[in-house]
Structures are given as C-alpha cells and as structure tokens.
Engineer: 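Below: one structure in structure tokens.
All chains are named by letter (A, B, ...) in the order of the sequence lines, taking the proteins before the strands, and each is independently numbered beginning at 1.
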2 protein chains.
Amino acid sequence: MRNDINIEINDVCEEQCVHNDAVTEVKEKMPNLDTLFTLAELFKMFGDTTRIRIMCALFQRELCVCDLSEILGMGQSAVSHQLRLLRTSSIVKVRREGKSAYYSLDDEHIQKIFELGLEHINEERRA
Amino acid sequence: MRNDINIEINDVCEEQCVHNDAVTEVKEKMPNLDTLFTLAELFKMFGDTTRIRIMCALFQRELCVCDLSEILGMGQSAVSHQLRLLRTSSIVKVRREGKSAYYSLDDEHIQKIFELGLEHINEERRA
DNA sequence: TTAACATATGAACAGATGTTCATGCATTGA
DNA sequence: TCAATGCATGAACATCTGTTCATATGTTAA
C-alpha cells in the first residue's frame, strides 16, 4: 500500500492507459535531453529553404557571400545572417581573402543528411 | 552597347564581385526550388525537441499517444498536435485499436537521418 | 443510452524566426 | 588619407511555430 502511495506521488498525472513497462523501458533508453536539444538545433538549420539552398550551392564549390546572394536572388544582408547561423552550427566555414569571405561546407555529414532527406521525399512522391 | 543595356536589365542589382562563371554553373546544377522547399519542410520536422524526442521514442517501439505523453512529460494535446505534423510529413503512421492510437515510424530513412545528425554533433563536441 | 476514456482539433497566446533597413568595420586602390 | 567595396550585425517588423485551453469525436463498458 505504501508502495502504491509512492507511485501516485512520483507519477503525477498518470493517465490510465499508460503501458508502464513500455514507458519505463523507453524512458531509460532515451538519449539525454541535452543531446536531443542539440540535435534539434542542428536540424533546424536544414529546416529553412534559404539555408538549404545555401548548403546545396556549397555542395558544388566554395562561394563568396556576393555569389550566394546572386545565386539565391536575395539581399546580401539576408544571406549573411543565414551564413552566420550556419557558421555557428559548424555547418559551413569561412576563408577570408581580401575584401571577400569564401564559404564552404565544414563536414561531409551535411551532404549525407541532405541526400537521405532527398531519398525520403522522393519515396514519398512515388508512394 | 545594346547588349550592355540588356545585361543591366536582366541582372538587376548585380554586385561587382560576382564570379559569373561560378554563379552560372552553380545555378544550373541546383535542384529546383520546389524540391528544396519540400526538403526544408521535412527537416523542419526534425528541428524541434519535442518532435525529435517523439521520433527517438518510436525508434524503440510502437507507442500510443498516452504513453508518449507520459514519456515526454507533456500534455496529451501538445503531443497529439505534434503527431499530426509528423503524420502529415509521412514520418510516422498510426494504427488504431479500440480507443487508442498507436504510432510508429513510417520509414527507415528517418532513423538514418537522426543517426547522421548525432554523428555530426558528436564530432563537433570532440573537435 | 450514458459515462468514462483516448485522441483530435480549433482558437488564442507567447515566443521564435527570417527579412529588411541602416549602419559599422575592414580591406583595397587611388 | 579617402572613397569604394564586401561583409557583418543590431533593430524593427511581420510571420511562423508550439503550447495550452476548451471542446469535439469516436470507442468501450455498464
């Protein structure tokens, strides 16, 4: 009985349908919240058309801000802001030469993630 | 001279530093905007901690809304709203049984994308 | 049928996000 | 040194997003 009381105290708001074994096991095996938060932050970078287009352009070659601005048909400021986010997330890196800043991809995972995403949406379209 | 005028008309706001060869080539090889938009929509689903946690839980096993609600420590409504988004993006699928709705992953790409993301952030941390 | 329950969903709200505008900083060439 | 150029960045603004609340839908058991 004391045991029951403890369960009630610990599992506040427990719904009646909960499969306790499943819930406990899944909870234990989940990566910690910090990791998942960081992961979400990474994927957030892929979750905007402008940034995806920037990455996609950089798959081909290193480019300066001005080139990217022209390729995307967007203002230099907008591109620059997005590049800052991509830099912060270690997705792109800069190389400065004279007045220009040349951006390129920092890591081959980026393209792999991109390609898996493409596969997924293509299967979806076929289905 | 007429040629110069046309160039000015077509390439409005052209910056002076643009590397025209590079820009033209990259532009040609870029996937179309629709595809990149759809791709961004997909990755948007990975770009939220709640949804990442849901996917992560479903890697282990099929779960009902109520279980997920308990695992995440979040309200049923919030979870249900997110599941709807994941359903719409063909990331999860539902199986209904009695009063419950059991969710599971729709496609193995999802876990692969997740794992590549993990690799990326782990390399980042090591560096 | 009715009550209880699991889930879904619309509305409302707060907070996050992306672009533009204005401006600052560094580099280059005159 | 000064003007022009390429890039970065803060502020402002509109839009998008995620959660909560209230409520609806559909299923089950009594």
Engineer: Could you tell me whether the side chain of A:Arg51 and the main chain of A:Lys44 form a donor-acceptor pair under 3.5 Å?
Structural biologist: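 At least one qualifying donor-acceptor pair exists.
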Engineer: Report the distance from atom NE2 of A:His19 to atom C1' of C:dT7, rounded to the nearest whole Å.
Structural biologist: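 Whole-Å distance recorded here is 14 Å.
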Engineer: Does OP1 or OP2 of D:dT19 have a side-chain N or O of B:Gln82 closer than 4.0 Å?
Structural biologist: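 Yes, because at least one side-chain N or O of B:Gln82 sits under 4.0 Å from OP1 or OP2 of D:dT19.
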Engineer: If we ignore hydrogens and angles and just use 3.5 Å, is the side chain of A:Asp67 paired with the main-chain N or O of B:His19 as donor and acceptor?
Structural biologist: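 A pair under 3.5 Å: yes.
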Engineer: For A:Glu97 and for A:Glu41, locate the closest nucleotide of DNA chain C by heavy-atom distance; then report the residue assigned to the nucleotide nearer the 5' terminus.
Structural biologist: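 Looking at DNA chain C, the more 5' nearest nucleotide goes with A:Glu41.
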Engineer: Side chains of A:Arg87 and A:Tyr103: any donor to acceptor distance under 3.5 Å?
Structural biologist: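 The answer is yes; a qualifying pair exists.
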Engineer: Quick one: B:Lys44 NZ to C:dT17 C1', roughly how many Å, whole number?
Structural biologist: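 In whole Å, C:dT17 C1' and B:Lys44 NZ are 10 Å from each other.
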Engineer: What does B:Tyr102 touch in the nucleic acid at a heavy-atom separation under 4.0 angstrom: a base, only the sugar-phosphate, or nothing?
Structural biologist: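 Nothing: the residue B:Tyr102, judged by heavy atoms under 4.0 Å, touches no strand.
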Engineer: For A:Tyr103 and D:dG6, is the shortest distance between a side-chain N/O and OP1 or OP2 below 4.0 Å?
Structural biologist: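 No, because none of the side-chain N or O atoms of A:Tyr103 sits under 4.0 Å from OP1 or OP2 of D:dG6.
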Engineer: At under 4.0 Å between heavy atoms, what does A:Ser100 touch on the DNA or RNA strands: base, sugar-phosphate, or nothing?
Structural biologist: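 A:Ser100: backbone/sugar contact only, no base atoms under 4.0 Å.
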Engineer: Are any side-chain N or O atoms of A:Gln60 and backbone N or O atoms of B:Val26, one a donor and one an acceptor, separated by less than 3.5 Å?
Structural biologist: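 Side chain of A:Gln60 to backbone of B:Val26: a pair is present.
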Engineer: For a 4.5 angstrom cut-off between non-hydrogen side-chain atoms, does B:Leu58 reach B:Met55?
Structural biologist: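 No, their side chains stay 4.5 Å or more apart.
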Engineer: Could you state the CG-C1' distance from A:Leu72 to C:dT20, rounded to the nearest angstrom?
Structural biologist: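 Between C1' of C:dT20 and CG of A:Leu72: 16 Å.
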Engineer: Might you work through the salt bridge (Lys or Arg N to Asp or Glu O under 4.0 Å) test for B:Glu119 and A:Lys112, ending with a clear yes or no?
Structural biologist: CA-CA 11 Å; B:Glu119 277 182 35; A:Lys112 285 187 192 163; 5.7 Å; no
Engineer: Check DNA chain D against residues 87-95 of chain A and give the residues with a non-hydrogen atom under 4.0 Å, in numerical order.
Structural biologist: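 Contacts with DNA chain D under 4.0 Å: A:Arg87.
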Engineer: Using a cut-off of strictly less than 4.0 Å between a heavy atom of the residue and any atom of DNA chain D, enumerate the qualifying residues of residues 50-64 of chain B by number.
Structural biologist: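 Within residues 50-64 of chain B, the residues near DNA chain D are B:Thr50, B:Arg51.
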Engineer: Expressed in angstrom and rounded to an integer, what is the separation of A:Met74 atom CE from D:dC7 atom C1'?
Structural biologist: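 Spelled out: CE on A:Met74 to C1' on D:dC7 is 16 Å.
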Engineer: Closer than 4.0 Å, any side-chain N/O of B:Lys99 to the OP1 or OP2 of C:dA4?
Structural biologist: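 No, B:Lys99 has no side-chain N/O under 4.0 Å of OP1/OP2 on C:dA4.
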Engineer: Is a side-chain donor or acceptor of B:Ser69 paired with a backbone partner of B:Met74 at a separation under 3.5 angstrom?
Structural biologist: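 Here the side-chain-to-backbone pair exists.
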Engineer: Apply the test side-chain contact (heavy atoms from CB on, under 4.5 Å) to residues B:Val23 and A:Ile71: give CA-CA distance (whole Å), side-chain angles for both, the deciding distance (0.1 Å), then the verdict.
Structural biologist: CA-CA 6 Å; B:Val23 168; A:Ile71 290 166; 3.8 Å; yes
Engineer: Collect all protein-nucleotide pairs involving nucleotides 21-25 of chain C in which both atoms are nitrogen or oxygen and the distance is under 3.5 Å.
Structural biologist:
{"from": "C:dC21", "atom 1": "N4", "to": "A:Ser77", "atom 2": "OG", "distance (Å)": "2.6"}

Engineer: Is the B:Phe46-B:Phe114 ring centre distance short of 6.0 angstrom?
Structural biologist: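 No: the rings miss the under 6.0 Å criterion.
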Engineer: Are the side chains of A:Cys64 and B:Cys17 in touch, meaning some heavy atoms are under 4.5 Å apart?
Structural biologist: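 Contact flag for A:Cys64/B:Cys17 side chains = yes.
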Engineer: Please figure out whether A:Gly98 or A:Gly47 has its closest DNA chain C nucleotide nearer the 5' end.
Structural biologist: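 Nearer the 5' end of the strand: A:Gly47.
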Engineer: In whole angstrom, give the distance that lies between atom CG of B:Leu83 and atom C1' of C:dT9.
Structural biologist: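 Those two atoms, CG and C1', are 13 Å apart.
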Engineer: Verify, without hydrogens or angle tests, whether B:Thr35 (side chain) and B:Pro31 (backbone) share a donor-acceptor contact under 3.5 angstrom.
Structural biologist: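 No; zero donor-acceptor contacts below 3.5 Å.
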Engineer: Please report, rounded to the nearest Å, how far the C1' atom of C:dT19 is from the CG atom of A:Leu68.
Structural biologist: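 Checked: the CG to C1' distance equals 17 Å.
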Engineer: Starting from P on C:dG18, measure out to CZ on B:Phe37 and report it in whole angstrom.
Structural biologist: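 It works out to 13 Å between those atoms.
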Engineer: Ion pair present between B:Arg95 and B:Glu97, side-chain N to carboxylate O less than 4.0 angstrom?
Structural biologist: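 Salt bridge flag = yes for B:Glu97 with B:Arg95.
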Engineer: Taking only side-chain nitrogens and oxygens of B:Arg96, does any of them come within less than 4.0 Å of OP1 or OP2 of C:dA8?
Structural biologist: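 True: B:Arg96 side-chain N/O within range (under 4.0 Å) of C:dA8 OP1/OP2.
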